[in-house]
Amino acid sequence: MRTTTRRGFLGLAGLTVLAACSAPPGPKPGAKATAAAMDKLAALVPKYVPRTVLTPDLPGSVPGFGRDGYLSYPPSEKLVDLVTAVPGKGGSYKAMVPTWSPLPSPLGQNSYYDAVNKDLGATIEFNYLDGLTINDKLPTLLAGGDVVDVTTLPGWALTAVPDYARAVDGLFEDLTPYLAGDVAAKYPGLSAIPTLAWQYSVFGGKLKAVPAWPTPQFGWVLFHRKDLWDKLGQGAPKNADDLLAMGKAVTDASKDRWAFSDIFPMMEEIFRAPRKWRKESGALVHRYETPEYAAAVEWMRKAVDAGLVHPNVLSAKSAADDKELFKSGQILVKNDGFSFWAETLIQVGKENPDFWMEPLPVFGADGGKPEYRMNQDPSYTFIKKGTPKEKVEELLAIFDYLSAPFGSREQLLFNNGVEGVHFTRDDKGAPQVTELGPKEIVGSYVWLGGRVDPIFESQAHPDYVRTATTWWNTAATVRHQDPFDGIRVEEPGDFTAAAKPFEDKVVDIIRGRREVSTLQQAITEWKAGGGDAGREFYMKVLTENGRA
Amino acid sequence: MAVLRKSPPADALTSSAGTGRPPLPARLRRDWQLLAMTIPAVGLLVVFHYVPTLGNVIAFQDYSPYDGITGSPWVGLYNFQWLLSDPEFWTALRNTVTITAFQLVFYFPIPIMLAILLDSVLSRRLRLFIQGIVYMPHFFSWVLVVALFQQILGGAGLLAQTLRQAGHEPWNVMTDPDAFIVLVTAQSVWKDAGWGTIIFLAALAAINTNLYEAAAVDGASRWRRLWHITLPGLRPVILLLLILRLGDALNVGFEQFFLQRDAVGAEAAEVLDTFVYWRTLMTGAWSYGAAAGLFKGLVGLILIVVANKVAHRFGEQGIYKRS
């Protein structure tokens, strides 16, 4: 009805005739595709030599996916001094790192930068790339080719850039000659970074980056305001129907309280839809085509129809800021990154001592297990192409220093700043930030080294480390197994482009603008619009890697 | 506003329209200071406008930024063929044209009315105060404007909560696809109508006040004076801005639609700029995006030329005229 009147209104019939133009033969315009498997790259990366500084209180569950927990900070006199020689040679470097925090005071007016730079024996000046708009800015930034001495990019942001492998090849220095083989004597910190993270740092057959923050990650974690949840008499949901019923019980629009943010991505995992592809009797089935995905769509539609999703999230997500709505108790359940947990506790805990959030306990839609999606690809720290040899070596020594793990003197300095200035110890020895701390310290140096970080933020809340480590190590046992784990795929541009019209239709279904029954039609259109072509490409990747 | 001047200046020496045009060296000798003064402006135009415009050739290439324009293969009209066969493109074009047409009727006249109203406020202080308030939203970002509308009209906003407390079912204007075109126009009016009055206020100030006095003495009513003096005085400026707006017909803005796209769905909110963003920038189809951009530019050019011709028919100056 609406479309008809609009067309009539403008007399656009002429345009519709033009629209019948037929498409030319050949692929839709867009980026080209490649793929590379990690396990064939062993010769290009440093030999793994682990180093342990402290024994964890709570050891991780699954190797490579679990995380250790430390219930308390070691006192200053027990910290290990790992790097005794000064790593820097007095050089000056500009580094660009992503941030999700307000900008700190600049170099020259920032005692945190001064303290760390002094210990490094070099001057690093940070530029910050706004993490919220990184996906929008990175394609043009890399295509423009204007990069500073050191650039750190999150893996998920880099691999979303079309033709990123060529950008990396053209812009950044080859580190293979410096780091391949046994370099433990020279770079003990870098050698302690797990091999898989290094293998991900190989682009086009060359080691191009130092893995930054090679800690495994959950794509999303489903947090709830347990303080309010308990107060409203709700327990742990056992299945998806439970969650819906509890959502109805806690929602009260007249009291400005809604159960959910847009939690659809998490519901996919709870319904066990695959990340991208699933192998079924030798063929690849895409996430969109699985009954699990359809069930998640249907569930989400029910939640929207019942008015359980905060209206601001539905009307303009990016203008709504669901983090704030969650902190103020207008939203009780939302998905976010794992680090949102400790950050929020540290920030809100001071104003509201009763505040407590934690992930909903692990559960699957039918009462079985979910399939939580985990990433092992790290972020990457690149050095600009054409940097002279002695400068590259100075930078690598600095990165080695910044790879010092929890329990070392170095880590406490670059993570927390100077004791008495940026933090003080509480009665349990945990560092509590001073007023100056957050004004000068945002994640900066931490990006330039590679550590598998344990969970150690005991200053966030007395229960935090135990709850978080327990949850993490349980969730890591139900992770989704992807047939493409360990293969980095650059998919064809027209396959990427086919996803958007499909997902627009899914949004329409979830928001009630289209019937659930139209999903099949949307899948058919997606297949024809690039989905099937993408399937062929991915199948070829599997065959070439001997996994078909 | 030299372009608006009706008759050429009387001085034959400065007129190029006359038949007794002096030879080029003589003109150069005479005008060199004037020409020298234009060099910085021309330089800026060349560097920041004409040279980047040449980059549009990538619309005819399979362009990769890592190969550059010289290294990328030529593909002729391939990208345009794809563009014209792309249903998403036609949805975006249809929405864009609909929104432009709607805003021409419901947005364009508002700054004119507002300017006339402001001009009739006699107290200078009161006028400056009102102007300050209506200009201000122009400097707000779209995120802020959308958030503000959300606080008032959204499902958790003032309107909905008041309705709820009165026991009624709330209406979430922000997620109603049928109300979308009205919503975005209302947002544009709130944000930019005040700012748009500036040029009209300048034109109003240029109208000779003697005309009003003479008309009043002759017994013309307020409406008569508005109709026979104010509006004819504004007509050249209105036409100028209208033609320029037509040239921009396929640009309705990016951020406003990008922010609210999911709220009402692509069917209602996809415009050309958002289409280009997700379809080309996000997938590395730079050439495809350039083709869509060229298409927009071409349509704009045709609209400007046609509108200008029509303006000449009606005896108006338009935005340019061959001398």
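Atoms considered below: every heavy atom in the structure, side chains included; atoms not considered: hydrogens, waters and symmetry mates. Each chain gets a letter, A, B and so on, in the order the sequences are listed, and its residues count up from 1.
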Salt-bridge test for A/E324 and A/K327: reply yes if a basic N is under 4.0 Å from a carboxylate O, no otherwise.
-> yes

Under 4.5 Å to a heavy atom of chain A? For B/S64 that would be side chain

Using 4.0 Å as the upper bound for N to carboxylate O, is an ion pair formed by A/D174 and A/K206?
-> no

A/L142 portion near chain B, given a 4.5 angstrom heavy-atom threshold = both

Does the distance from a Lys or Arg side-chain N to an Asp or Glu carboxylate O, for A/D262 and A/K334, drop under 4.0 Å?
-> no

Side chain from CB out, backbone as N, CA, C, O: work out which of these in A/D256 comes under 4.5 Å of a heavy atom of chain B, or both, or neither.
-> both

Closest-packed option against chain A by number of heavy-atom pairs under 4.5 Å, given B/G265, B/G157, B/P65, B/G289 = B/G265

A/F537 and A/F495 aromatic centres sub-6.0 Å = no

In terms of heavy-atom pairs under 4.5 Å with chain A, which of B/Q260, B/Q161, B/Q151 leads?
-> B/Q161

Pick from A/A160, A/S254, A/A253, A/G170: which one has the most heavy-atom pairs with chain B under 4.5 Å?
-> A/A253

Which portion of B/F149 sits near chain A, non-hydrogen atoms under 4.5 angstrom = neither

Heavy-atom pairs under 4.5 Å with chain A, option from B/A156, B/A160, B/P87 with the top count | B/A156

State whether A/E173 and A/K208 are salt-bridged, where the test is any N-O pair (Lys NZ or Arg NE/NH1/NH2 against Asp/Glu carboxylate O) under 4.0 Å.
-> no

Interchain contact, B/W286 with chain A, by part (heavy-atom threshold 4.5 Å) | side chain

Please determine, among B/N172, B/V264, B/T175, B/L281, the option with the most heavy-atom pairs under 4.5 Å with chain A.
-> B/V264

Where does A/D169 contact chain B at under 4.5 Å (heavy atoms): side chain, backbone, both or neither?
-> neither

A/R488 to A/F203, cation-pi by 6.0 Å centre distance and 45° axis angle | yes

With distance as the sole criterion, is a donor-acceptor pair present between the side chains of A/S315 and B/Q150 under 3.5 Å?
-> yes

Would A/E491 and A/K276 pass as an ion pair if we require N to O under 4.0 Å?
-> yes

